[in-house]
Amino acid sequence: MTQRRNTPLKFALIGQDIPTLLPGMLTDLLFVGKEAARVFVEEKNSAMQQVLQGYGDAVIAHSGIPAVLTVTGNRADVLRDADCVIYAGDCMAASRFRQDREALSGVEEDDPGLIDQARVNGGIGGLMHALRQGETVLSLAEDMEKYCPGALVVNLGQPVARTTAMFLNAGFRCYGLGRTPLKGANGLDMLCRKVHRKPEEASATIAGLPGFSFLLDMKDKTTGEDLLSVLKDLAETGDLGRLTKRWMDWYGALAVGDVTDHAEFLPAQEDFIPEEQPEFGETVERRKERILYMNTVSEKGAAEQEGMMAQWLLLSKAPPVRPMQLALALVNKSDADIPAVTRRNGRELPQLSPQAVIESALTLRGGGEVPHGILMPDDLADICGEVDEVNRLAALAAAGDRSALREYVDCDPALAGLDRLYLQEMVDKLIELHDDVIVRL
């Protein structure tokens, strides 16, 4: 059941990843949700404003829905009286990551230093990532408190558990979407192929933390056949990769999604070195291609063959996350079942703190959450509790809490076996290195 409103919804879209998500969001808003909403996009670059405005106007005209898109660089106009803010930004530029990596490298040829801590989501690198996001996220939260204090937040900012915790700490109702465990390397779609099923033929229970989720149950929808045991047998023989087998031996569950994400939250592995040059955001080539397609839709119209083909290409290359689908379900208080949603735990995973920031399927009935009460193997619950604690400590540190920063270094399981006093000194030096963007510590 969906509760409709008398006034048009207002969505505020903020962050440098919004342009890549816009085709999917407008499709979900107009062609699926048929919502005559007001959509405001924050964009500081005047040339890009024209690209996004022309593209959005063409798609809205094709839909026949009386929605309105406004692209502007004025944040107050974007936020004022918004019902929902969708944040999709990440200030982790490749240059920042390289600075971290160089600082963590050893000074001698045979001294690796802490190079394995140059990570995106966990360990020291993940901490620095979260601290750099702090000023961006918390400044946005302060602006929201001024212009739309009751707004819902749908957050895609990385690291998603930690940025979601920042919005929650600021007093906002916040749900997040991270890298989906449903697709890609070791995603649910790949695991289904391993047991000769299509994804729609299997029911699966996936839960844990963002970037640290596990497959806890999987059955054939028609026959009820246990498919998880088949996958565990494959993992035991190494058919799903050495890291998947390792995590299963340690935690009694199958890691789902990119298992290298899981490794980032755990102690250094001799046979695993984090990626040296991870990608952040669009490549230059992909951005040029996206702008070309958007301009084609704008100039030719979304109803004409050339424009339709450009729109299809935009949608085919869009990220698999569906923030507008989640936002509409929450704001309209719809009945919905949405996979892999980040949020405050409550009673969803009873072995973890109710304040934990978890990831699992979200079930909404009449606008209210229906907890699944999912149980995990005890060893998995223990490590999820440890990782969640440091995720929330990182969010507190990003807001300027020095004691939380020290506790993070003392507690992070990714730092096991390392000299914590030396690590604290290294963290202080990295904060100083990035003091142009880390201003709250």
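Note that these values count all heavy atoms, side chains included, but never hydrogens, waters or copies made by symmetry. Just so you know, these numbers come straight off a predicted model, no measurement behind them.
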Test: Asp436 and Arg96 ion pair at under 4.0 Å: yes
Salt bridge (Lys or Arg N to Asp or Glu O under 4.0 Å) assessment of Glu200 paired with Lys221: CA-CA 8 Å; Glu200 60 270 21; Lys221 284 184 179 178; over 6 Å; no
Salt-bridge criterion met for Glu369 and Arg344 (N-O under 4.0 Å): no
Minimum-distance pair of heavy atoms, taken over all atoms of Ala253 and Leu215: CB-O, 4.3 Å
Salt bridge flag under 4.0 Å for residues Arg286 and Glu289: yes
From Met308 atom CE to His62 atom NE2, the distance as rounded to the nearest 0.5 Å: 6.0 Å
Test log, rule side chain to side chain donor-acceptor pair (under 3.5 Å), inputs Ser213 and Glu359: CA-CA 7 Å; Ser213 280; Glu359 180 181 86; 2.7 Å; yes
Pair Glu135 + Arg440, salt bridge at N-O below 4.0 Å: yes
Gap between atom OG1 of Thr283 and atom CZ of Arg287 - 0.5 Å precision: 10.5 Å
NZ/NE/NH1/NH2 to OD/OE distance under 4.0 Å, Arg322 and Asp28: yes
Glu201 side-chain N/O to Lys198 backbone N/O, donor-acceptor pair under 3.5 Å: yes
Contact check, side chains of Val153 and Met144, non-hydrogen atoms, under 4.5 Å: yes
Backbone of Thr222 reached by a side-chain donor or acceptor of Asp220 within 3.5 Å: yes
Closest non-hydrogen atom pair, Leu349 against Ile374: CD2-CB, 3.6 Å
Whether Phe212 and His262 hold their rings parallel, tilted or perpendicular, with breakpoints at 30° and 60°: tilted
Nearest-0.5 Å distance that lies between atom OG1 in Thr244 and atom CG in Leu234: 11.0 Å
Any donor-acceptor pair under 3.5 Å from Asn169 side chain to Ala165 backbone: yes
For Ile124, the option from Asp116, Asp412, Leu104 that meets side chain to side chain contact (heavy atoms under 4.5 Å, CB included): Leu104
Main-chain N/O of Val195 paired to Arg197 side chain as donor or acceptor, under 3.5 Å: yes
Check: Gln49 side chain, Glu43 main-chain N or O, donor-acceptor pair, under 3.5 Å: yes
Derivation and outcome, salt bridge (Lys or Arg N to Asp or Glu O under 4.0 Å), residues Lys219 and Asp226: CA-CA 5 Å; Lys219 291 183 172 64; Asp226 177 14; 5.4 Å; no
Nearest-0.5 Å distance that lies between atom CZ in Arg132 and atom CE in Met128: 5.5 Å
Modelled atom types, side-chain donor and acceptor of Tyr55 and Gln311, under 3.5 Å: yes
Glu35 side chain near Leu328 side chain, heavy-atom distance below 4.5 Å: yes
Salt bridge present between Lys10 and Asp81 (N-O < 4.0 angstrom): no
Side-chain donor-acceptor contact under 3.5 Å, Gln277 with Arg98: no
For the student: nearest non-hydrogen atoms of Val387 and Pro413, plus distance: CG2-CG, 4.1 Å
Neighbour count >12 (heavy atoms, 6.0 Å) for atom CZ, Arg365: yes
Least distance between heavy atoms, Thr164 atom then Gly176 atom: OG1-CA, 4.0 Å
Reported OG-to-NE2 distance for the pair Ser360 and His372, which is rounded to 0.5 angstrom: 6.5 Å
Check: Asn155 side chain, Tyr175 main-chain N or O, donor-acceptor pair, under 3.5 Å: no
Step-by-step side chain to side chain donor-acceptor pair (under 3.5 Å) determination, Arg246 to Gln269: CA-CA 11 Å; Arg246 183 174 304 160; Gln269 314 285 303; 2.8 Å; yes
Modelled atom types, side-chain donor and acceptor of Asp337 and Thr363, under 3.5 Å: yes
Glu142, CD atom: more than 12 neighbouring heavy atoms under 6.0 Å: yes
Spacing of CD belonging to Gln53 relative to OG1 belonging to Thr72, to within rounding of 0.5 Å: 9.5 Å
Gln133 (side chain) donor-acceptor with Gly89 (main chain) under 3.5 angstrom: yes
Candidate pair Arg119 and Glu275, rule salt bridge (Lys or Arg N to Asp or Glu O under 4.0 Å), full reasoning: CA-CA 8 Å; Arg119 307 177 182 195; Glu275 191 173 349; over 6 Å; no
N-O pairing of Asp239 and Lys194 below 4.0 Å: no
Minimum side-chain heavy-atom gap Leu228-Leu254 below 4.5 Å: yes
Minimum heavy-atom distance between Gly252 and Pro377, given as atom pair plus value: O-CG, 3.6 Å
Ser63 side chain to Ile60 backbone, donor-acceptor under 3.5 Å: yes
Any donor-acceptor N/O pair, Gln117 side chain to Ala414 backbone, under 3.5 Å: yes
His129 and Phe280 aromatic ring geometry - parallel, tilted or perpendicular at 30°/60° bounds: perpendicular
Donor-acceptor side-chain pairing of Ser334 and Asn332 below 3.5 angstrom: no
Atom CH2 of Trp312: over 12 foreign heavy atoms under 6.0 Å: no
Shortest non-hydrogen contact from Leu131 toward Ala394: CD2-O, 4.3 Å
Polar side-chain atom of Glu264 near backbone of Val120 as donor-acceptor pair, under 3.5 Å: yes
